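Report on the structure given below.
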Amino acid sequence: MIERVYAGELSPEMDGEEVSIAGWVHEKRKLGGLLFLLIRDRSGMVQVTLPKKFVPAEVFELAKNVSKESVVVVRGRLQAMDKAPGGVEVIPSQIEVLSSAASPLPLDPTGKVPANLDTRLDHRVLDLRRPRVAAIFRIRARALKAAREHLTREGFIEVHTPRIISTASEGGTELFPISYFEREAFLAQSPQLYKQMLMGSGMDRVFEIATYFRAEEHDTIWHLNEVTAIDCELAFISSYEDVLRVIEGLIRAMIREVREHCAKELELLGVELKEPPERFPRLSYEEVLALLEEEANLKLPFGEDLTTEAEKKLGELMRRRGHELYFVTRFPLEAKPFYTMPAPDNPELSASFDLEFKGREIISGSQRIHDYDLLVQRIKAKGLRVESFSSYLEAFRYGMPPHGGFGMGIERFLMLLLDLPNIREAVLFPRDRHRLEP
RNA sequence: GCCCUGGUGGUGUAGCUCGGCCCAUCAUCCAGGACUGUCACUCCUGGGACUCGGGUUCAAAUCCCGACCAGGGCGCCA
(Lines give C-alpha, C1' and ligand atoms only; values in the text may rest on other atoms or scores of the structure.)
Protein backbone atom coordinates (compact mmCIF):
# COMPACT_ATOMS: atom_id res chain seq x y z
CA MET A 1 0.00 0.00 0.00
CA ILE A 2 1.05 3.57 -0.58
CA GLU A 3 1.83 5.02 2.81
CA ARG A 4 -0.41 7.93 3.68
CA VAL A 5 -2.76 9.42 6.25
CA TYR A 6 -6.28 10.64 5.61
CA ALA A 7 -6.94 14.36 5.60
CA GLY A 8 -9.40 13.91 8.43
CA GLU A 9 -6.71 12.47 10.67
CA LEU A 10 -4.56 15.60 10.57
CA SER A 11 -4.72 18.00 13.53
CA PRO A 12 -2.82 21.10 14.68
CA GLU A 13 -1.18 19.04 17.46
CA MET A 14 0.81 17.22 14.75
CA ASP A 15 2.62 20.47 13.89
CA GLY A 16 6.05 19.76 12.40
CA GLU A 17 5.47 16.10 11.55
CA GLU A 18 6.36 14.66 8.15
CA VAL A 19 3.20 13.33 6.48
CA SER A 20 2.05 11.80 3.20
CA ILE A 21 -1.40 12.43 1.89
CA ALA A 22 -3.01 11.05 -1.24
CA GLY A 23 -6.10 12.13 -3.08
CA TRP A 24 -7.67 14.24 -5.80
CA VAL A 25 -6.81 17.86 -6.61
CA HIS A 26 -10.10 19.45 -5.62
CA GLU A 27 -9.11 23.05 -6.21
CA LYS A 28 -6.11 25.10 -7.15
CA ARG A 29 -5.55 28.75 -6.33
CA LYS A 30 -2.61 30.66 -7.73
CA LEU A 31 -1.42 33.89 -6.16
CA GLY A 32 1.85 34.46 -7.97
CA GLY A 33 4.53 33.41 -5.52
CA LEU A 34 2.04 31.47 -3.41
CA LEU A 35 0.04 28.48 -4.56
CA PHE A 36 -2.68 26.51 -2.78
CA LEU A 37 -3.87 23.02 -3.64
CA LEU A 38 -6.88 21.51 -1.92
CA ILE A 39 -6.48 17.75 -1.74
CA ARG A 40 -9.62 15.65 -1.23
CA ASP A 41 -9.75 12.07 0.01
CA ARG A 42 -12.60 10.06 1.42
CA SER A 43 -12.24 11.61 4.85
CA GLY A 44 -12.31 15.24 3.77
CA MET A 45 -9.90 17.90 2.52
CA VAL A 46 -6.52 19.30 3.42
CA GLN A 47 -4.75 22.34 2.07
CA VAL A 48 -1.30 22.07 0.54
CA THR A 49 0.48 25.41 0.60
CA LEU A 50 3.42 26.18 -1.67
CA PRO A 51 5.32 29.39 -0.95
CA LYS A 52 7.59 29.67 -4.01
CA LYS A 53 10.63 30.56 -1.91
CA PHE A 54 10.33 27.63 0.47
CA VAL A 55 9.52 24.64 -1.73
CA PRO A 56 11.70 23.04 -4.42
CA ALA A 57 11.29 24.77 -7.79
CA GLU A 58 10.26 21.55 -9.58
CA VAL A 59 7.58 20.85 -6.96
CA PHE A 60 6.17 24.35 -7.41
CA GLU A 61 6.09 23.95 -11.21
CA LEU A 62 4.42 20.55 -10.98
CA ALA A 63 1.74 21.86 -8.62
CA LYS A 64 1.16 24.86 -10.85
CA ASN A 65 0.53 22.66 -13.87
CA VAL A 66 -1.35 19.71 -12.38
CA SER A 67 -4.94 19.52 -13.66
CA LYS A 68 -7.97 19.53 -11.38
CA GLU A 69 -9.10 16.09 -10.19
CA SER A 70 -5.72 14.51 -10.88
CA VAL A 71 -4.65 11.92 -8.32
CA VAL A 72 -1.55 12.93 -6.36
CA VAL A 73 0.58 11.87 -3.44
CA VAL A 74 1.97 14.77 -1.45
CA ARG A 75 4.79 14.36 1.07
CA GLY A 76 5.76 17.21 3.30
CA ARG A 77 5.73 18.88 6.66
CA LEU A 78 2.45 19.45 8.47
CA GLN A 79 2.04 22.94 9.83
CA ALA A 80 -0.54 24.27 12.26
CA MET A 81 -1.98 27.37 10.65
CA ASP A 82 -5.04 29.35 11.77
CA LYS A 83 -5.51 30.80 8.30
CA ALA A 84 -5.77 27.37 6.66
CA PRO A 85 -9.06 25.47 6.43
CA GLY A 86 -9.12 22.89 9.21
CA GLY A 87 -6.28 24.68 10.99
CA VAL A 88 -3.52 22.70 9.27
CA GLU A 89 -1.63 22.78 5.97
CA VAL A 90 1.06 20.71 4.32
CA ILE A 91 4.25 22.32 3.01
CA PRO A 92 5.35 19.80 0.39
CA SER A 93 8.83 18.55 -0.30
CA GLN A 94 7.59 16.17 -2.99
CA ILE A 95 4.51 15.76 -5.17
CA GLU A 96 3.86 12.73 -7.32
CA VAL A 97 1.10 12.67 -9.91
CA LEU A 98 -0.30 9.12 -9.99
CA SER A 99 -2.93 9.91 -12.59
CA SER A 100 -3.49 13.08 -14.53
CA ALA A 101 -7.12 14.10 -15.11
CA ALA A 102 -8.21 15.12 -18.59
CA SER A 103 -9.86 18.46 -19.21
CA PRO A 104 -12.49 19.78 -19.40
CA LEU A 105 -14.29 17.79 -16.73
CA PRO A 106 -17.79 16.67 -17.72
CA LEU A 107 -19.01 17.64 -14.27
CA ASP A 108 -17.74 19.95 -11.57
CA PRO A 109 -17.05 17.92 -8.40
CA THR A 110 -16.79 21.06 -6.30
CA GLY A 111 -20.47 21.66 -6.98
CA LYS A 112 -19.93 25.32 -7.83
CA VAL A 113 -21.84 24.87 -11.06
CA PRO A 114 -24.96 22.77 -10.58
CA ALA A 115 -25.66 19.87 -12.92
CA ASN A 116 -28.90 18.09 -13.79
CA LEU A 117 -29.43 14.64 -12.33
CA ASP A 118 -29.23 13.10 -15.78
CA THR A 119 -25.82 14.68 -16.40
CA ARG A 120 -24.67 13.61 -12.97
CA LEU A 121 -25.72 10.02 -13.54
CA ASP A 122 -24.01 9.97 -16.93
CA HIS A 123 -20.78 10.83 -15.11
CA ARG A 124 -21.59 9.12 -11.84
CA VAL A 125 -17.98 8.40 -10.87
CA LEU A 126 -17.21 12.11 -10.84
CA ASP A 127 -20.53 12.86 -9.18
CA LEU A 128 -19.70 10.45 -6.37
CA ARG A 129 -16.61 12.52 -5.60
CA ARG A 130 -18.89 15.16 -4.15
CA PRO A 131 -18.94 14.59 -0.39
CA ARG A 132 -22.67 15.21 -0.25
CA VAL A 133 -23.35 12.47 -2.78
CA ALA A 134 -20.93 10.04 -1.17
CA ALA A 135 -22.66 10.62 2.16
CA ILE A 136 -25.84 8.99 0.87
CA PHE A 137 -24.01 5.74 0.22
CA ARG A 138 -22.21 5.72 3.53
CA ILE A 139 -25.60 6.05 5.19
CA ARG A 140 -26.98 3.30 2.97
CA ALA A 141 -24.16 0.95 3.97
CA ARG A 142 -24.61 1.76 7.62
CA ALA A 143 -28.38 1.24 7.52
CA LEU A 144 -27.94 -2.13 5.81
CA LYS A 145 -25.30 -3.19 8.31
CA ALA A 146 -27.74 -2.36 11.11
CA ALA A 147 -30.49 -4.32 9.36
CA ARG A 148 -28.28 -7.39 9.00
CA GLU A 149 -27.13 -7.25 12.59
CA HIS A 150 -30.58 -6.62 13.98
CA LEU A 151 -32.25 -9.41 12.03
CA THR A 152 -29.45 -11.82 12.85
CA ARG A 153 -29.88 -10.97 16.55
CA GLU A 154 -33.59 -11.62 16.18
CA GLY A 155 -32.88 -15.13 14.92
CA PHE A 156 -33.19 -14.58 11.17
CA ILE A 157 -30.92 -16.56 8.85
CA GLU A 158 -29.58 -14.67 5.84
CA VAL A 159 -30.29 -16.51 2.59
CA HIS A 160 -29.89 -16.07 -1.14
CA THR A 161 -32.60 -17.25 -3.48
CA PRO A 162 -32.41 -17.47 -7.28
CA ARG A 163 -32.37 -14.37 -9.44
CA ILE A 164 -33.08 -16.45 -12.49
CA ILE A 165 -36.52 -18.00 -12.46
CA SER A 166 -38.63 -20.05 -14.83
CA THR A 167 -41.96 -18.30 -14.44
CA ALA A 168 -43.91 -15.45 -12.89
CA SER A 169 -43.64 -15.41 -9.12
CA GLU A 170 -46.79 -13.43 -8.47
CA GLY A 171 -48.34 -12.48 -11.75
CA GLY A 172 -48.94 -8.78 -11.91
CA THR A 173 -45.69 -7.03 -12.68
CA GLU A 174 -43.84 -7.50 -15.96
CA LEU A 175 -40.73 -9.69 -16.07
CA PHE A 176 -37.50 -9.29 -18.00
CA PRO A 177 -37.02 -12.33 -20.24
CA ILE A 178 -33.52 -13.71 -20.60
CA SER A 179 -32.04 -16.49 -22.63
CA TYR A 180 -31.18 -19.54 -20.50
CA PHE A 181 -29.38 -21.95 -22.81
CA GLU A 182 -32.10 -23.49 -24.97
CA ARG A 183 -34.91 -22.12 -22.81
CA GLU A 184 -36.44 -18.80 -21.91
CA ALA A 185 -36.13 -17.68 -18.31
CA PHE A 186 -36.79 -14.48 -16.37
CA LEU A 187 -35.13 -12.20 -13.89
CA ALA A 188 -36.77 -12.51 -10.49
CA GLN A 189 -39.28 -9.82 -9.58
CA SER A 190 -39.02 -10.76 -5.88
CA PRO A 191 -37.85 -13.65 -3.67
CA GLN A 192 -41.42 -14.10 -2.44
CA LEU A 193 -42.10 -17.69 -3.40
CA TYR A 194 -38.66 -18.95 -2.35
CA LYS A 195 -38.87 -17.25 1.04
CA GLN A 196 -42.16 -19.03 1.62
CA MET A 197 -40.78 -22.38 0.49
CA LEU A 198 -38.01 -21.96 3.05
CA MET A 199 -40.67 -21.68 5.75
CA GLY A 200 -41.42 -25.30 4.89
CA SER A 201 -37.75 -26.18 5.35
CA GLY A 202 -37.68 -25.52 9.06
CA MET A 203 -35.45 -22.47 8.91
CA ASP A 204 -38.19 -20.59 10.76
CA ARG A 205 -36.95 -17.08 10.07
CA VAL A 206 -35.07 -15.94 6.99
CA PHE A 207 -34.10 -12.66 5.42
CA GLU A 208 -32.53 -11.71 2.15
CA ILE A 209 -31.08 -8.49 0.88
CA ALA A 210 -32.35 -9.04 -2.60
CA THR A 211 -32.37 -7.35 -5.98
CA TYR A 212 -35.71 -7.18 -7.75
CA PHE A 213 -36.12 -6.68 -11.48
CA ARG A 214 -39.34 -5.19 -12.78
CA ALA A 215 -39.97 -4.56 -16.44
CA GLU A 216 -42.61 -1.88 -15.92
CA GLU A 217 -42.37 1.17 -18.14
CA HIS A 218 -42.84 3.58 -15.29
CA ASP A 219 -41.06 6.88 -15.52
CA THR A 220 -41.21 8.65 -12.19
CA ILE A 221 -38.99 9.83 -9.34
CA TRP A 222 -40.32 6.91 -7.33
CA HIS A 223 -39.73 3.80 -9.45
CA LEU A 224 -36.71 1.87 -10.70
CA ASN A 225 -36.42 -1.24 -12.83
CA GLU A 226 -33.73 -2.69 -10.60
CA VAL A 227 -34.26 -2.23 -6.88
CA THR A 228 -32.88 -3.63 -3.66
CA ALA A 229 -35.03 -4.81 -0.81
CA ILE A 230 -34.81 -6.31 2.62
CA ASP A 231 -37.08 -9.34 2.46
CA CYS A 232 -38.11 -11.20 5.60
CA GLU A 233 -40.27 -14.22 6.26
CA LEU A 234 -41.08 -15.80 9.63
CA ALA A 235 -42.96 -18.94 10.61
CA PHE A 236 -45.26 -19.90 13.47
CA ILE A 237 -46.85 -16.48 13.63
CA SER A 238 -50.21 -16.01 15.37
CA SER A 239 -51.21 -13.17 13.06
CA TYR A 240 -49.64 -10.50 10.90
CA GLU A 241 -49.23 -8.46 14.06
CA ASP A 242 -46.11 -10.58 14.76
CA VAL A 243 -44.66 -9.35 11.47
CA LEU A 244 -45.43 -5.72 12.30
CA ARG A 245 -43.37 -6.01 15.48
CA VAL A 246 -40.38 -7.26 13.48
CA ILE A 247 -40.72 -4.26 11.20
CA GLU A 248 -40.87 -1.78 14.07
CA GLY A 249 -37.70 -3.25 15.54
CA LEU A 250 -35.94 -3.25 12.18
CA ILE A 251 -36.77 0.35 11.27
CA ARG A 252 -35.79 1.53 14.72
CA ALA A 253 -32.47 -0.31 14.57
CA MET A 254 -31.64 1.14 11.16
CA ILE A 255 -32.47 4.72 12.11
CA ARG A 256 -30.70 4.44 15.44
CA GLU A 257 -27.52 3.21 13.77
CA VAL A 258 -27.55 6.05 11.24
CA ARG A 259 -28.19 8.63 13.96
CA GLU A 260 -25.33 7.30 16.05
CA HIS A 261 -22.72 6.77 13.35
CA CYS A 262 -23.48 9.12 10.47
CA ALA A 263 -23.65 12.54 12.13
CA LYS A 264 -21.23 14.05 9.64
CA GLU A 265 -23.08 12.62 6.63
CA LEU A 266 -26.46 13.77 7.95
CA GLU A 267 -25.07 17.24 8.46
CA LEU A 268 -23.76 17.33 4.88
CA LEU A 269 -27.24 16.42 3.69
CA GLY A 270 -28.92 18.83 6.08
CA VAL A 271 -31.06 16.09 7.59
CA GLU A 272 -32.11 15.73 11.20
CA LEU A 273 -33.39 12.28 12.12
CA LYS A 274 -35.99 11.71 14.76
CA GLU A 275 -36.02 8.57 16.87
CA PRO A 276 -39.09 6.58 15.77
CA PRO A 277 -41.59 5.53 18.44
CA GLU A 278 -41.61 1.96 19.74
CA ARG A 279 -45.01 1.34 18.26
CA PHE A 280 -46.25 2.71 14.94
CA PRO A 281 -49.96 3.48 14.56
CA ARG A 282 -52.09 0.91 12.74
CA LEU A 283 -54.99 2.04 10.58
CA SER A 284 -57.17 -0.42 8.78
CA TYR A 285 -58.01 0.14 5.14
CA GLU A 286 -61.61 0.81 6.12
CA GLU A 287 -60.55 3.37 8.72
CA VAL A 288 -58.40 5.07 6.10
CA LEU A 289 -61.32 5.33 3.67
CA ALA A 290 -63.49 6.87 6.39
CA LEU A 291 -60.74 9.25 7.51
CA LEU A 292 -60.07 10.47 3.98
CA GLU A 293 -63.73 11.06 3.36
CA GLU A 294 -64.23 12.95 6.62
CA GLU A 295 -61.06 15.01 6.75
CA ALA A 296 -59.80 15.28 3.19
CA ASN A 297 -63.08 15.21 1.31
CA LEU A 298 -61.80 12.31 -0.76
CA LYS A 299 -64.15 9.44 -1.45
CA LEU A 300 -62.61 6.19 -2.61
CA PRO A 301 -64.49 3.12 -3.79
CA PHE A 302 -64.06 0.08 -1.55
CA GLY A 303 -62.00 -2.68 -3.11
CA GLU A 304 -59.13 -0.88 -4.79
CA ASP A 305 -55.68 -0.13 -3.52
CA LEU A 306 -55.07 3.41 -2.28
CA THR A 307 -54.29 5.85 -5.07
CA THR A 308 -51.16 7.97 -4.95
CA GLU A 309 -53.33 11.00 -4.17
CA ALA A 310 -54.99 9.15 -1.28
CA GLU A 311 -51.64 8.01 0.11
CA LYS A 312 -50.28 11.56 0.04
CA LYS A 313 -53.40 13.02 1.67
CA LEU A 314 -53.22 10.37 4.36
CA GLY A 315 -49.55 11.19 4.87
CA GLU A 316 -50.48 14.83 5.39
CA LEU A 317 -53.23 13.96 7.89
CA MET A 318 -50.88 11.67 9.82
CA ARG A 319 -48.07 14.22 9.79
CA ARG A 320 -50.37 16.72 11.48
CA ARG A 321 -51.01 14.10 14.15
CA GLY A 322 -47.25 13.73 14.59
CA HIS A 323 -46.74 10.42 12.74
CA GLU A 324 -44.28 9.83 9.90
CA LEU A 325 -44.42 6.04 10.13
CA TYR A 326 -47.68 4.10 10.26
CA PHE A 327 -49.22 0.88 9.03
CA VAL A 328 -52.26 0.55 6.82
CA THR A 329 -53.73 -2.91 7.37
CA ARG A 330 -56.46 -5.23 6.12
CA PHE A 331 -56.54 -4.35 2.43
CA PRO A 332 -59.29 -5.82 0.26
CA LEU A 333 -58.33 -9.38 -0.64
CA GLU A 334 -58.87 -8.80 -4.34
CA ALA A 335 -56.25 -6.04 -4.40
CA LYS A 336 -53.58 -8.39 -3.04
CA PRO A 337 -51.52 -11.24 -4.56
CA PHE A 338 -52.79 -14.82 -4.49
CA TYR A 339 -50.65 -15.97 -1.55
CA THR A 340 -52.18 -13.36 0.80
CA MET A 341 -54.18 -14.82 3.72
CA PRO A 342 -57.83 -13.73 3.87
CA ALA A 343 -58.77 -11.90 7.07
CA PRO A 344 -60.07 -14.46 9.60
CA ASP A 345 -63.19 -12.39 10.33
CA ASN A 346 -64.05 -11.08 6.84
CA PRO A 347 -63.47 -12.89 3.53
CA GLU A 348 -63.51 -9.59 1.61
CA LEU A 349 -60.44 -8.40 3.49
CA SER A 350 -56.93 -9.76 3.90
CA ALA A 351 -54.34 -10.19 6.64
CA SER A 352 -52.09 -7.70 4.86
CA PHE A 353 -50.39 -4.39 5.54
CA ASP A 354 -48.25 -1.63 4.10
CA LEU A 355 -45.83 0.50 6.04
CA GLU A 356 -46.18 4.12 5.03
CA PHE A 357 -43.33 6.58 5.58
CA LYS A 358 -44.13 10.27 5.06
CA GLY A 359 -47.11 9.44 2.89
CA ARG A 360 -45.37 6.83 0.74
CA GLU A 361 -45.34 3.05 0.77
CA ILE A 362 -41.98 1.52 1.65
CA ILE A 363 -43.02 -1.92 2.87
CA SER A 364 -45.68 -4.33 1.79
CA GLY A 365 -46.41 -7.60 3.56
CA SER A 366 -48.95 -10.04 4.90
CA GLN A 367 -49.69 -13.27 6.58
CA ARG A 368 -49.49 -15.89 3.83
CA ILE A 369 -51.76 -18.76 3.04
CA HIS A 370 -50.22 -22.01 4.36
CA ASP A 371 -53.10 -24.33 3.47
CA TYR A 372 -52.50 -26.14 0.19
CA ASP A 373 -56.13 -26.32 -0.96
CA LEU A 374 -56.84 -22.67 -0.22
CA LEU A 375 -53.66 -21.67 -2.04
CA VAL A 376 -54.63 -23.60 -5.16
CA GLN A 377 -58.08 -22.08 -5.01
CA ARG A 378 -56.62 -18.56 -4.80
CA ILE A 379 -54.21 -19.16 -7.71
CA LYS A 380 -57.17 -20.20 -9.82
CA ALA A 381 -59.28 -17.28 -8.65
CA LYS A 382 -56.54 -14.92 -9.82
CA GLY A 383 -56.61 -16.51 -13.26
CA LEU A 384 -53.12 -17.99 -12.93
CA ARG A 385 -52.08 -21.43 -14.08
CA VAL A 386 -51.66 -23.88 -11.21
CA GLU A 387 -49.13 -25.93 -13.23
CA SER A 388 -46.69 -23.00 -13.27
CA PHE A 389 -46.50 -23.16 -9.50
CA SER A 390 -45.98 -26.89 -9.02
CA SER A 391 -42.57 -26.76 -7.32
CA TYR A 392 -43.75 -23.91 -5.10
CA LEU A 393 -46.95 -25.74 -4.25
CA GLU A 394 -45.12 -28.93 -3.32
CA ALA A 395 -43.70 -27.13 -0.30
CA PHE A 396 -47.27 -26.79 0.98
CA ARG A 397 -48.15 -30.46 0.72
CA TYR A 398 -45.72 -31.88 3.24
CA GLY A 399 -46.04 -29.65 6.29
CA MET A 400 -46.07 -25.86 6.11
CA PRO A 401 -46.36 -23.75 9.29
CA PRO A 402 -48.36 -20.51 9.40
CA HIS A 403 -46.09 -17.71 8.30
CA GLY A 404 -45.85 -14.15 7.08
CA GLY A 405 -43.35 -11.61 5.93
CA PHE A 406 -42.61 -8.43 4.07
CA GLY A 407 -40.36 -6.68 1.59
CA MET A 408 -38.88 -3.27 2.21
CA GLY A 409 -37.56 -1.11 -0.61
CA ILE A 410 -34.16 0.15 0.46
CA GLU A 411 -34.04 2.97 -2.06
CA ARG A 412 -37.48 4.15 -1.07
CA PHE A 413 -36.55 4.03 2.59
CA LEU A 414 -33.41 6.08 1.98
CA MET A 415 -35.17 8.55 -0.27
CA LEU A 416 -37.73 9.34 2.41
CA LEU A 417 -35.31 9.13 5.32
CA LEU A 418 -32.96 11.66 3.72
CA ASP A 419 -35.60 13.69 1.87
CA LEU A 420 -33.94 13.01 -1.49
CA PRO A 421 -35.81 14.53 -4.44
CA ASN A 422 -35.43 11.44 -6.66
CA ILE A 423 -35.08 7.71 -5.95
CA ARG A 424 -32.14 7.58 -8.37
CA GLU A 425 -30.13 9.55 -5.79
CA ALA A 426 -30.22 6.48 -3.55
CA VAL A 427 -28.63 4.07 -6.08
CA LEU A 428 -25.03 4.18 -7.26
CA PHE A 429 -25.84 3.23 -10.84
CA PRO A 430 -29.61 3.32 -11.34
CA ARG A 431 -31.49 1.30 -13.93
CA ASP A 432 -34.64 2.90 -15.24
CA ARG A 433 -36.73 2.94 -18.38
CA HIS A 434 -34.04 4.82 -20.29
CA ARG A 435 -30.82 4.22 -18.44
CA LEU A 436 -28.59 1.18 -18.90
CA GLU A 437 -25.28 3.05 -18.59
CA PRO A 438 -23.09 3.51 -16.68
C1' G B 1 -49.79 2.09 -21.51
C1' C B 2 -51.96 7.32 -21.07
C1' C B 3 -50.98 12.66 -20.24
C1' C B 4 -47.87 17.16 -19.69
C1' U B 5 -43.17 19.83 -20.31
C1' G B 6 -38.44 20.71 -22.26
C1' G B 7 -33.62 20.35 -25.61
C1' U B 8 -28.64 27.12 -26.27
C1' G B 9 -20.47 26.35 -25.17
C1' G B 10 -17.61 20.85 -20.99
C1' U B 11 -21.42 22.34 -16.96
C1' G B 12 -25.60 25.47 -15.30
C1' U B 13 -28.35 29.35 -17.60
C1' A B 14 -30.56 34.37 -20.30
C1' G B 15 -32.90 35.17 -24.94
C1' C B 16 -38.35 32.23 -27.50
C1' U B 17 -44.50 35.22 -25.43
C1' C B 18 -44.46 39.57 -29.94
C1' G B 19 -39.02 36.53 -35.96
C1' G B 20 -34.71 41.40 -37.58
C1' C B 21 -31.56 45.40 -32.59
C1' C B 22 -28.15 37.86 -31.59
C1' C B 23 -21.57 36.39 -36.23
C1' A B 24 -26.40 34.85 -28.97
C1' U B 25 -26.36 36.73 -22.15
C1' C B 26 -24.14 35.63 -17.53
C1' A B 27 -21.46 32.32 -14.28
C1' U B 28 -18.30 28.43 -13.98
C1' C B 29 -14.61 26.17 -17.07
C1' C B 30 -10.11 26.07 -20.37
C1' A B 31 -5.41 28.75 -22.25
C1' G B 32 -2.04 32.91 -21.41
C1' G B 33 -0.63 37.08 -18.16
C1' A B 34 -0.37 40.10 -13.14
C1' C B 35 -0.59 38.96 -7.90
C1' U B 36 2.94 35.73 -1.04
C1' G B 37 -2.58 33.91 2.84
C1' U B 38 -6.20 32.10 -0.77
C1' C B 39 -10.53 29.48 1.18
C1' A B 40 -16.71 30.47 -4.82
C1' C B 41 -9.32 34.73 -4.49
C1' U B 42 -9.25 39.19 -7.55
C1' C B 43 -8.00 41.64 -12.16
C1' C B 44 -6.61 41.70 -17.69
C1' U B 45 -6.61 39.11 -22.68
C1' G B 46 -8.34 35.10 -25.44
C1' G B 47 -11.38 30.22 -26.39
C1' G B 48 -15.91 27.51 -26.58
C1' A B 49 -23.03 26.57 -27.91
C1' C B 50 -28.69 27.40 -30.69
C1' U B 51 -30.39 18.36 -30.82
C1' C B 52 -31.39 16.65 -35.98
C1' G B 53 -34.42 16.84 -40.59
C1' G B 54 -38.15 19.37 -43.29
C1' G B 55 -41.45 23.73 -43.83
C1' U B 56 -43.19 29.14 -43.54
C1' U B 57 -40.62 33.91 -44.40
C1' C B 58 -36.97 39.04 -47.53
C1' A B 59 -35.22 37.22 -42.59
C1' A B 60 -35.69 31.55 -37.75
C1' A B 61 -32.34 30.11 -31.36
C1' U B 62 -37.42 32.31 -31.73
C1' C B 63 -43.23 30.18 -35.64
C1' C B 64 -45.15 25.10 -37.79
C1' C B 65 -44.46 19.59 -38.69
C1' G B 66 -41.65 15.12 -37.84
C1' A B 67 -37.71 12.31 -35.57
C1' C B 68 -34.45 11.57 -31.63
C1' C B 69 -33.21 12.56 -26.60
C1' A B 70 -34.51 14.13 -21.71
C1' G B 71 -37.55 15.60 -17.38
C1' G B 72 -42.20 14.97 -14.72
C1' G B 73 -47.38 13.19 -13.49
C1' C B 74 -50.94 9.00 -13.50
C1' G B 75 -51.51 3.73 -13.55
C1' C B 76 -48.58 -0.41 -11.43
C1' C B 77 -45.70 -1.32 -7.41
C1' A B 78 -40.66 -1.71 -3.22
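Values in this document were obtained by computation on a predicted structure and should not be read as measured data. Only heavy atoms go into these numbers, but all of them, side chains included; no hydrogens, no water, no symmetry mates. Letters A, B, ... mirror the listed sequences (proteins, then strands); counts begin at 1.
- A:Lys382 forms no cation-pi arrangement with A:Phe338, by the criterion of a distance under 6.0 Å to the ring centre and an angle within 45° of the ring axis.
- Here A:Arg138 does not pair with A:Glu257 in a salt bridge; the nearest charged N to carboxylate O distance is not below 4.0 Å.
- Among the protein residues, A:Pro114 comes within range of the sugar-phosphate backbone only, with heavy atoms under 4.0 Å from sugar or phosphate atoms but none that close to a base.
- Under 3.5 Å, the side chain of A:His223 and the base of B:rC76 form at least one donor-acceptor pair of N or O atoms.
- Here the P atom of nucleotide B:rC39 and the CE atom of A:Met81 are 16 Å apart, to the nearest Å.
- Spacing between B:rA24 and B:rC50 at atom P, rounded to whole Å, works out to 11 Å.
- The side chain of A:Glu311 approaches B:rC77 more closely than any other nucleotide in the set B:rC77, B:rG37, B:rC30.
- If you take atom P in B:rC21 and the same atom in B:rC65, they sit 25 Å apart, rounded to whole Å.
- In the set B:rG73, B:rG72, B:rG37, B:rG72 carries the atom at the smallest distance from any side-chain atom of A:Asn422.
- Each of A:Arg132, A:Arg130, A:Arg120, A:Arg412 was checked for a salt bridge (charged side-chain N to carboxylate O under 4.0 Å, His left out) with A:Glu425, and the lone residue meeting it is A:Arg120.
- Following rounding to the nearest Å, A:Ile39 (CD1) and B:rU38 (P) show an atom-to-atom distance of 19 Å.
- Among the protein residues, A:Glu89 comes within range of the nucleic acid bases, having at least one heavy atom under 4.0 Å from a base atom.
- The aromatic rings of A:Tyr285 and A:Phe302 sit perpendicular, their planes meeting at an angle over 60°, well past the 30° parallel limit.
- Taking side-chain N and O atoms only, A:Thr119 has a distance below 4.0 Å to OP1 or OP2 of B:rG12.
- Listed nucleotides B:rG10, B:rU36, B:rC74 differ in distance to A:Lys312; the shortest reach to its side chain belongs to B:rC74.
- The separation between A:Arg130 atom CZ and B:rU11 atom P is 15 Å, rounded to whole Å.
- Taking the P atom of each, B:rG46 and B:rC58 are spaced 39 Å apart, rounded to whole Å.
- When the C1' atom is compared between B:rU51 and B:rG47, the two are found 23 Å apart, to the nearest whole Å.
- Mapping A:Arg433 and A:Gln47 onto RNA chain B by nearest heavy atom places A:Arg433 at the nucleotide closer to the 5' end.
- Checked by distance alone, A:Arg360 brings no side-chain donor or acceptor within 3.5 Å of a matching partner on the base of B:rC77.
- Remark: A:Asn116 is not in phosphate contact with B:rU11, judged by side-chain N or O atoms under 4.0 Å from OP1 or OP2.
- Contact check, A:Thr308 against B:rG75: a side-chain N or O comes under 4.0 Å of OP1 or OP2.
- For the pair A:Glu295 and A:Lys313, the salt-bridge criterion is not met [side-chain N within less than 4.0 Å of a carboxylate O].
- Residues A:Lys274 and A:Glu324 are paired through a salt bridge, judged by an N-O separation under 4.0 Å between the basic side chain and the carboxylate.
- A close approach under 4.0 Å does occur between a side-chain nitrogen or oxygen of A:Ser364 and OP1 or OP2 of B:rA78.
- Closest to the side chain of A:Leu31, from the set B:rC74, B:rC35, B:rC30, is B:rC35.
- Put simply, A:Lys68 has a side-chain N or O that comes within less than 4.0 Å of OP1 or OP2 on B:rC29.
- Note: NZ (A:Lys53) to P (B:rC35) measures 12 Å, nearest angstrom.
- Nearest nucleotide to the A:Glu27 side chain, out of B:rA40, B:rG10, B:rC77: B:rA40.
- Atom CG in A:Leu107 sits about 14 Å away from atom P in B:rC30, given to the nearest Å.
- For A:Ala115, taking side-chain heavy atoms from C-beta onward, the closest of the listed nucleotides B:rC35, B:rA78, B:rG12 is B:rG12.
- Atom CG of A:Asp108 is separated from atom P of B:rG10 by 15 Å (rounded to the nearest Å).
- Considering only heavy atoms from C-beta on, A:Leu317 comes within 4.5 Å of A:Leu291 through its side chain.
- Between the CD atom of A:Glu233 and the C1' atom of B:rA78 there is a distance of 15 Å, rounded to whole Å.
- Nucleotide B:rC2 holds its P atom 10 Å from the CD atom of A:Glu217, rounded to whole Å.
- Spacing between B:rU57 and B:rG10 at atom C1', rounded to whole Å, works out to 35 Å.
- Heavy-atom nearest nucleotides on RNA chain B were determined for A:Pro104 and for A:His218, and the one closer to the 5' end corresponds to A:Pro104.
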_Reading 5' to 3' and counting Watson-Crick or G-U wobble pairs with both distances under 3.5 Å, write the dot-bracket notation for RNA chain B, | for bases paired outside the strand._
(((((((..(((.......[.....)))((((((.......))))))...(((((..]....))))))))))))....
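- Heavy-atom contacts from other residues, nucleotides or ligands closer than 6.0 Å to CD of A:Glu278 number 12 or fewer.
- In this structure, the separation between CD on A:Glu89 and CZ on A:Arg77 is 9.0 Å, given to the nearest 0.5 Å.
- OP1 or OP2 of B:rC29 sits under 4.0 Å from a side-chain N or O of A:Lys112.
- Here the side chain of A:Val113 is nearest to one of B:rG72, B:rG12, B:rA78, namely B:rG12.
- A:Arg433 and A:Glu216 are not joined by a salt bridge, as no carboxylate oxygen comes within less than 4.0 angstrom of a charged side-chain nitrogen.
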